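To start, the structure under review is shown below, and the notes come after it.
In this text the structure is predicted, and so the values were computed from the model without any measurement.
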Amino acid sequence: MRFSMSGRPRGQALSILIAASCLALPLCLASTPSYALSEIQREDLPSPVVPPANSDSATPGATVPVPEAPGTKPVDGGQPADDTDKQEPETPPANGGITSPRADPDAPPPAVVYDLNTLPEPVKRMHGLIIEACKSGDIEKLRPLIGKGDSMTQLSLGDIDGDPVTFLKGLSGDGDGQEILAILEEVLSAGYVHVDTGTPQELYVWPYFFALPLDKLDPRQRVELFKLVTASDYDDMKQFGAYIFYRVGITPTGQWLFFVAGD
């Protein structure tokens with residue numbers, strides 16, 4: 001199944017995504033009717049860390065200098081800068097976050113698994129419930145699976161406002177959510193990988209392209225990839241360096257952790 005994403009040329013759209021990612025311009029997922037790959041929002045970079053004041057050396061009322069944002073003029077606080085009290089802004093982790101592609105060309109690729117019977121029972125159950133909701137054609141069936149509050153499924157690399165089901169409908173080109181349900185079902189029908197085994201970040205992730213270098217896919221695997229994206233998208237994603245279309249993560253306890261696209 002190939003998704004035209006509301007009729008836009010997908011190869012050209014993905015080229016725009018990569019160019020936009022290089023300029024670090026955030027895009028808004030919720031403002032478009034359905035994602036072309038060029039419209040997938042880039043996750044915001046973390047804010048600089050504000051180092052704590054040193055209670056032993058700071059004078060009353062003094063604060064530790066905070067690194068200025070790029071392009072802003074430093075404010076003269078009347079005191080010389082103390083380099084020992086400054087820290088460099090934090091940089092994102094090497095893997096870009098738990099929802100980000102994890103393909104490492106220098107590491108052995110993880111095993112690609114198709115047999116759902118090898119999944120832990122909570123993971124297998126959640127996978128089946130999501131598939132069942134997708135096949136129903138009623139996006140409201142996803143609501144109890146998405147949950148709410150701190151345990152709510154992450155649906156965007158950035159924050160979303162309002163109702164999560166309404167948000168998903170906004171991603172779908174048809175407006176009722178059937179297109180996004182079809183994408184979700186197709187993603188969960190692919191093989192999966194088990195990553196970060198034995199750590200707090202342990203996950204089962206669909207599709208397996210999440211953790212494989214795209215330029216090392218064999219012909220059979222490329223056929224599977226083309227069920228989700230076009231050949232032009234594939235070439236553009238290889239230049240970007242990772243699979244950045246939709247992926248699903250489920251924890252070993254059966255929590256549906258994320259359904260996102262982007263880098």
- Message: Check this for me: R222, atom CZ, are more than 12 non-hydrogen atoms of other residues, nucleotides or ligands nearer than 6.0 Å?
- Response: yes
- Which atom pair, heavy atoms only, marks the closest approach of L116 to K124? O-CD, 3.8 Å
- Task: Run the salt-bridge test on R143 and D163 with the 4.0 Å N-O cut-off and return the result as yes or no.
- Result: yes
- Task: Check whether any side-chain heavy atom of L212 sits under 4.5 Å from a side-chain heavy atom of P110, and report yes or no.
- Result: yes
- Which of parallel (below 30°), tilted (30 to 60°) and perpendicular (above 60°) describes Y114 and Y208? perpendicular
- Please step through side chain to side chain contact (heavy atoms under 4.5 Å, CB included) for the pair L228 and V187, ending with a clear verdict. CA-CA 7 Å; L228 292 170; V187 166; 3.9 Å; yes
- Test item: Y246 side-chain N/O and P207 main-chain N/O as donor-acceptor pair under 3.5 Å: no
- Item | Q201 atom CD: more than 12 heavy-atom contacts under 6.0 Å | yes
- Would you please test D138 and S136 for side-chain hydrogen bond (donor to acceptor under 3.5 Å, both in side chains) and show each step? CA-CA 5 Å; D138 182 3; S136 76; 5.5 Å; no
- Query: What's the verdict on side chain to side chain contact (heavy atoms under 4.5 Å, CB included) for V248 and F258, showing C-alpha distance, side-chain angles and the deciding distance?
  - Reply: CA-CA 6 Å; V248 169; F258 61 79; 5.6 Å; no
- Message: Are the side chains of S151 and Q255 in contact, using a 4.5 Å heavy-atom criterion?
- Response: yes
- Check the angle between the aromatic planes of F209 and Y243 and answer parallel, tilted or perpendicular using the 30° and 60° thresholds. tilted
- Message: Does K238, at its NZ atom, have more than 12 non-hydrogen atoms belonging to other residues, nucleotides or ligands within less than 6.0 Å?
- Response: yes
- For S189 and I131 the tightest heavy-atom approach is OG-CD1, 4.4 Å
- Task: Say whether, by atom type as modelled, one donor and one acceptor occur between the side chain of T251 and the main chain of L203 under 3.5 angstrom.
- Result: no
- Exam field: side chain T153 to backbone L257, donor-acceptor pair closer than 3.5 Å: no
- Which of T99, I130, I146, I180 passes side chain to side chain contact (heavy atoms under 4.5 Å, CB included) with F259? Answer is I180
- Is the side chain of Y192 donor-acceptor paired with the backbone N or O of G249 at a distance under 3.5 Å, no angle test? no
- Donor-acceptor pair, side chain of T230 and main chain of D233, under 3.5 angstrom: yes
- Find the distance between CD (E186) and SG (C134) and round it off to the nearest 0.5 Å. 10.5 Å
- Message: Looking at H127 and L188, would you say the former's side chain and the latter's main chain have a donor-acceptor pair under 3.5 Å?
- Response: yes
- Query: Does V165 reach the side chain of E140, with side-chain heavy atoms less than 4.5 Å apart?
  - Reply: yes
- Item | Distance in Å, E202 CD paired with I250 CD1, rounded so as to fall on 0.5 Å steps | 13.0 Å
- Run the salt-bridge test on E224 and R220 with the 4.0 Å N-O cut-off and return the result as yes or no. yes
- Message: Looking at every heavy atom in both P101 and G262, which two are closest together, and how far apart are they?
- Response: CD-O, 4.4 Å
- Message: Between the side chains of E185 and K135, is the shortest nitrogen-to-carboxylate-oxygen separation below 4.0 Å, so that they form an ion pair?
- Response: yes
- Task: Indicate yes or no: at least one non-hydrogen side-chain atom of L129 is less than 4.5 angstrom from one of W256.
- Result: no
- Query: Would you say the side-chain atoms of D174 pair up with the backbone N or O of D176, donor to acceptor, closer than 3.5 Å?
  - Reply: yes
- Message: Could you tell me if the side chain of I160 sits less than 4.5 Å from the side chain of M152, heavy atoms only?
- Response: yes
- Message: Tell me the closest heavy-atom pair linking Q221 and D218, and the distance in Å.
- Response: N-OD1, 2.7 Å
- Item | Where S156 and V260 come nearest, the two heavy atoms and their spacing | N-CG1, 3.6 Å
- Residue pair A111 / V193: nearest heavy atoms and the distance that separates them: O-CG1, 3.6 Å
- Where do F245 and I183 land on the side chain to side chain contact (heavy atoms under 4.5 Å, CB included) test, with the steps shown first? CA-CA 10 Å; F245 198 51; I183 293 173; 4.2 Å; yes
- Query: Atom OG of S232 and atom CZ of F226: how far apart are they, to the nearest 0.5 Å?
  - Reply: 10.0 Å
- Note on the structure: In this structure, CD of E179 is separated from CD1 of I139 (nearest 0.5 Å) by 10.5 Å
